[in-house]
Number of protein chains: 2
Amino acid sequence: MIRTANLRKIYTTDEVETTALNNVNIEIKQGEFVSIMGPSGCGKSTLLNILGLLDNPSDGELFFLDNEVAKYSERQRALLRKENIGFVFQSFNLIDELTVTENVELPLLYLGVNTADRKKKVTEALERMEIMHRANHFPQQLSGGQQQRVAVSRAIVGNPKLILADEPTGNLDSARGDEVMSILTGLNEAGTTIVMVTHSPTYAEYGNRIIHLFDGHVVTENYKEKF
Amino acid sequence: MIRTANLRKIYTTDEVETTALNNVNIEIKQGEFVSIMGPSGCGKSTLLNILGLLDNPSDGELFFLDNEVAKYSERQRALLRKENIGFVFQSFNLIDELTVTENVELPLLYLGVNTADRKKKVTEALERMEIMHRANHFPQQLSGGQQQRVAVSRAIVGNPKLILADEPTGNLDSARGDEVMSILTGLNEAGTTIVMVTHSPTYAEYGNRIIHLFDGHVVTENYKEKF
Ligand SMILES: Nc1ncnc2c1ncn2[C@@H]1O[C@H](COP(=O)(O)OP(=O)(O)OP(=O)(O)O)[C@@H](O)[C@H]1O
Ligand SMILES: Nc1ncnc2c1ncn2[C@@H]1O[C@H](COP(=O)(O)OP(=O)(O)OP(=O)(O)O)[C@@H](O)[C@H]1O
Ligand SMILES: [Mg+2]
Ligand SMILES: [Mg+2]
């Protein structure tokens, strides 16, 4: 599904150059559930943004579904992204001017799904996340945890091949957090590949493998027999 | 310090009326450290926004430092807020166009602190939160956890009488989370009153009391002998 070779990402500002990722070599196979952990600022979101084709690496190679994409343009990346990837952003990235329904519907519009099917799939996703009662609210009218559940609904509504989730339970109490994890596990058992960043050791264990990042490089990987 | 009497908050949108808080009667004494817990959407942030004079209740009374403030105007509330309260928002609310230093400096500008003292206090707060190396970055150039540490720095820089913190460790790994808690505990021991919303049972225990909310009302309060 995804493979990186000596991946590097360097951010430059007027003052300083930050190496967010340094020689990262990982492979994520179709159908895996991989967790990523590491201290604040170690490069987890940066890695997820690159794996999700939202940003280009500074150096190195990135293979996505057998294409080498490290130097793809935004247009080329957008096409691959819309057809294959669902994303839960760490800061939700909901569109304030759109209602909950319209936010969750967006991925289906890109896929050209018709109105009746869109309505059905959106309702299904909102009910699954128990946020249907807020369907006509705007993001600013929701609590932090409710916004996070809308973000997860949007990521799963198009039934993508790959879900990239950046701390999908960060704003949730443990009951809601467990619900999100059981939904992700269910999707993974049905064949969806999942890469999840988390600070929770308990939730990291849901994956069949944990990649630990530190200061921009992979320090260890823990395997369970599953793969 | 703060007392509420039959506090209610109702949000109305075109479609529906939501009672976010219903007959909340709580008192927070000077020097206490109180935690608030409850499921997603139960009214924690709404309560903190009202206690922090950022929003007016729909009904009931609110006493802040012996003033009855439920019907105060925004101007009156802003004055009391700027002089007494430090706030850590659940969604950070950092100003994107300002650097980390300028964001943290803001409360001191409102208090009329001179340039030299501002610089000294800002440096102290950033060093305490181990984020000094990002002083000239903009919020968009920081990781989620780094933004959260900036938000905590801004809340403590003016040494306010009261700190209201809405999940101050939500985006942090356990090491950084523990650091924030030890800073809050230190401030509390020096006399700062703290009200903290958290989903973490471990961190909730740092308070001398835990208020549990459910569907907009207080269901239980757990006391330790301290007060
Ligand atoms: N501006 C608003 N307009 C309408 N309803 C709102 C608004 N803000 C919050 N609500 C509703 O009020 C209720 C309480 O929200 P609040 O943000 O206080 O929850 P919370 O306990 O902080 O939850 P979380 O743990 O998810 O952050 C929720 O049901 C939410 O949908
Ligand atoms: N746009 C940017 N410009 C400059 N530096 C950046 C930018 N975005 C991130 N960084 C830096 O790159 C490093 C990695 O950031 P990243 O967001 O990937 O961390 P993270 O592991 O997700 O942390 P957290 O757990 O706090 O979310 C950080 O040191 C951060 O300051
Ligand atoms: Mg991150
Ligand atoms: Mg909240």
Side-chain angles (χ1 to χ4, degrees), chain A residues 11-16 18 20 37-49 89-92 94 99-100 129-131 133-149 166-167 169-177 179-180 197-201 204 212-214, chain B residues 11-16 18 20 37-49 89-92 94 99-100 129-131 133-149 166-167 169-177 179-180 197-201 204 212-214:
Chain A
Y11 292 108
T12 47
T13 66
D14 330 344
E15 305 264 334
V16 69
T18 308
M37 296 191 81
S40 166
C42 71
K44 301 182 298 296
S45 294
T46 302
L47 178 58
L48 222 59
N49 286 341
F89 295 92
Q90 188 170 5
S91 54
F92 311 146
L94 298 175
T99 64
V100 164
M129 298 301 298
E130 299 178 22
I131 193 75
H133 61 304
R134 289 287 184 266
N136 297 317
H137 279 56
F138 291 91
Q140 297 301 323
Q141 300 177 319
L142 302 177
S143 78
Q146 290 168 337
Q147 290 181 36
Q148 186 146 49
R149 280 184 277 151
D166 200 343
E167 308 203 30
T169 63
N171 274 283
L172 300 178
D173 52 277
S174 52
R176 294 277 184 213
E179 274 166 37
V180 168
V197 165
T198 180
H199 283 309
S200 155
H212 291 270
L213 284 187
F214 189 83
Chain B
Y11 292 109
T12 47
T13 65
D14 325 342
E15 305 263 332
V16 71
T18 308
M37 295 191 83
S40 166
C42 71
K44 300 183 298 296
S45 294
T46 302
L47 179 57
L48 221 58
N49 286 340
F89 295 94
Q90 188 170 5
S91 53
F92 312 145
L94 298 176
T99 65
V100 164
M129 298 300 300
E130 298 178 20
I131 193 77
H133 61 303
R134 291 285 183 265
N136 295 316
H137 278 56
F138 290 91
Q140 296 301 320
Q141 300 177 321
L142 302 178
S143 79
Q146 289 169 337
Q147 290 182 38
Q148 185 146 48
R149 279 183 276 152
D166 200 342
E167 309 205 30
T169 62
N171 275 281
L172 300 177
D173 53 278
S174 50
R176 295 276 184 214
E179 275 167 34
V180 168
V197 165
T198 180
H199 283 312
S200 156
H212 291 271
L213 285 187
F214 190 83

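A, B, ... follow the sequence lines: proteins, then strands. Residue 1 opens every chain. Atoms considered below: every heavy atom in the structure, side chains included; atoms not considered: hydrogens, waters and symmetry mates.
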Original post:
Is there a donor-acceptor pair closer than 3.5 Å between any side-chain N or O of B/His199 and the backbone N or O of A/Asn171?
Top reply: yes

**OP:** Find the distance between OG (B/Ser45) and CD (A/Gln146) and round it off to the nearest 0.5 Å.
**Re:** 10.0 Å

Original post:
Would one find more than 12 heavy atoms of other residues, nucleotides or ligands at under 6.0 Å from atom OH of A/Tyr11?
Top reply: yes

Original post:
Donor-acceptor pair, A/Asp173 side chain versus B/Ser40 backbone, under 3.5 Å?
Top reply: yes

**OP:** Under 4.5 Å heavy-atom distance to chain A, tell me which part of B/Thr18 shows up: side chain, backbone, both or neither.
**Re:** side chain

**OP:** Quick one: which of B/Arg176, B/His137, B/His133 has the most heavy-atom pairs under 4.5 Å with chain A, could you say?
**Re:** B/His137

